[in-house]
Amino acid sequence: MGNSIGSDSSPMTPSAHPAVINRFFSGSAWIEGAALNQLDEMSRLPGVLEIAAFPDLHPGKYGATGVALLSSRLHPLLIGNDIGCGMSLFALDLPLRKLKIDKAAERLRRLEAQVIGDVSDLLAETGLPADLAPGALGTIGGGNHFCELQAVEDLAEGGRIAGLDDQQLYLLVHSGSRALGAAVFSEAVAAHPGLVAGLDPRSEAGGAWLASHDRCVAWASLNRRLIAARAAAALRADLSLVADIPHNLVRRSDRGFVHYKGAAAVRPGELAPIAGSRASLSHVVLATDGVGRSLGGISHGAGRKYDRATMHGRVGRNRSEREQLLRNAWGGVAICDDRALVVEEAASAYKDAGQVASDLENGGLIVGLASLRPLVTFKKAVDEAEVEQRRRKPDHRREGGRGHERY
DNA sequence: ATGTCC
């Protein structure tokens with residue numbers, strides 16, 4: 001089979017005719033020029049036939065995020081390292097009236113300490129090797145990932161019909177394939193110097209990436225389920241799945257391969273979460289038949305407004321400001337023992353998910369069902385036992401590290 | 001995004 005790159009007529013040469021770009025955002029959407037430029041570059045990549053761009057569009061490393069892209073070739077760079085990342089929404093059997101936020105936060109602080117036992121059977125049931133990173137299952141990771149306890153703020157009639165209940169509590173989990181997807185990504189980058197031109201899906205390299213990708217997508221979905229199971233165990237509650245929607249993956253279609261880069265992959269009639277932030281509303285929406293015009297994509301969240309680096313100059317310059325960033329207008333709290341992450345993930349770093357949902361609704365892609373308010377946002381908690389152990393036996397490799405200090 | 005540069 002040999003080198004798959006270049007097996008099309010001339011994939012290194014940008015197409016003479018760029019792919020059509022369909023924009024599903026209004027003039028009120030906050031879209032950076034850099035993201036629009038990236039969109040243009042993506043439309044000229046080999047094999048790219050059509051692009052749908054969503055209102056959460058923002059610049060990314062190898063292309064804009066908030067995009068569905070149809071291509072005859074596979075583009076692993078566009079998917080990036082968190083293959084299979086997604087949002088899962090669960091209903092808890094805990095009634096809102098029984099909730100004490102501080103008590104729930106105290107319990108959720110121990111989320112990742114919950115024992116989930118032997119997961120080899122779960123992996124096998126998912127069609128995955130029983131020894132595929134079992135120890136990483138049920139871990140959230142960093143960046144924009146979280147597990148959030150939410151209550152219904154507004155419920156539309158459609159939401160009630162869909163079974164949403166404004167007296168119940170919900171869990172929204174945003175996570176992906178952890179080190180698994182990162183390894184698949186870096187191996188692909190190392191093996192194919194011309195990866196920017198994509199891979200021929202019929203080649204050995206293309207097939208291998210796709211197979212690894214499929215495992216990451218399945219593993220990431222199981223990971224979200226186990227994160228929720230841990231949260232439910234910490235809260236001593238039962239849960240049921242409402243929606244599990246990935247937004248970083250490739251799906252086969254009869255026209256080629258649809259790449260979803262930070263765009264939720266939905267089918268008509270499916271419920272999907274559109275995440276806000278730790279201090280703003282998330283939305284639950286229903287995908288309409290209109291998603292046939294958007295390559296089956298919609299936004300998965302508010303989308304970044306400011307990059308991580310510049311957030312440090314904007315908010316949380318002192319301790320009391322950082323402490324404010326852990327509280328929201330509904331009495332909700334965030335659990336985040338990583339000082340840099342508190343600043344980088346501040347609500348003001350994000351666009352308004354309500355504006356995003358409204359653009360999608362006006363574009364005929366969704367119908368809004370409910371908005372959800374954040375009550376406890378779990379991001380990262382240091383293990384006190386581990387801290388104590390480190391105090392006794394200092395780990396010199398960590399010396400000099402900056403930006404990830406505790407409070 | 002990633003045991004986030006050893």
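Letters A, B, ... mirror the listed sequences (proteins, then strands); counts begin at 1. Note that the structure is predicted; figures quoted are calculated from it, not measured.
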message: Between A:Asp56 and A:Lys351, does any NZ, NE, NH1 or NH2 come within less than 4.0 Å of an OD or OE carboxylate oxygen?
response: no

- request: With sequence neighbours left out, write down each residue that passes salt bridge (Lys or Arg N to Asp or Glu O under 4.0 Å) with A:Asp214, or none if nothing qualifies.
  value: A:Arg252

For [X] and [N], what is the distance between atoms [atom1] and [atom2] respectively, to the nearest whole Å?
{"X": "A:Asn223", "N": "B:dT2", "atom1": "CG", "atom2": "P", "answer": "10 Å"}
{"X": "A:Asp82", "N": "B:dT2", "atom1": "CG", "atom2": "P", "answer": "5 Å"}
{"X": "A:His145", "N": "B:dT4", "atom1": "NE2", "atom2": "P", "answer": "16 Å"}
{"X": "A:Glu344", "N": "B:dT2", "atom1": "CD", "atom2": "C1'", "answer": "14 Å"}
{"X": "A:Leu137", "N": "B:dG3", "atom1": "CG", "atom2": "P", "answer": "13 Å"}

- request: Kindly indicate whether the side chain of A:Arg230, heavy atoms from C-beta on, has any atom under 4.5 Å from the side chain of A:Ile227.
  value: no

field: A:Thr288: side-chain hydrogen bond (donor to acceptor under 3.5 Å, both in side chains) partners, not counting sequence neighbours
entry: none

At under 4.0 Å between heavy atoms, what does [X] touch on the DNA or RNA strands: base, sugar-phosphate, or nothing?
{"X": "A:Gly181", "answer": "nothing"}
{"X": "A:Gly80", "answer": "nothing"}
{"X": "A:Gly141", "answer": "sugar-phosphate"}

query: Looking at A:Phe25, A:Tyr306, A:Tyr350, which hits ring-ring contact (aromatic ring centres under 6.0 Å, His included) with A:Trp30?
result: A:Tyr306

query: For DNA chain B, which residues in residues 59-68 of chain A have a heavy atom at a distance below 4.0 Å?
result: none

field: From B:dT2, B:dG3, B:dT4, nucleotide with atom closest to A:Lys380 side chain
entry: B:dT4

Contact summary for A:Ser26 and A:Ser28, nearest pair of heavy atoms: OG-OG, 2.9 Å

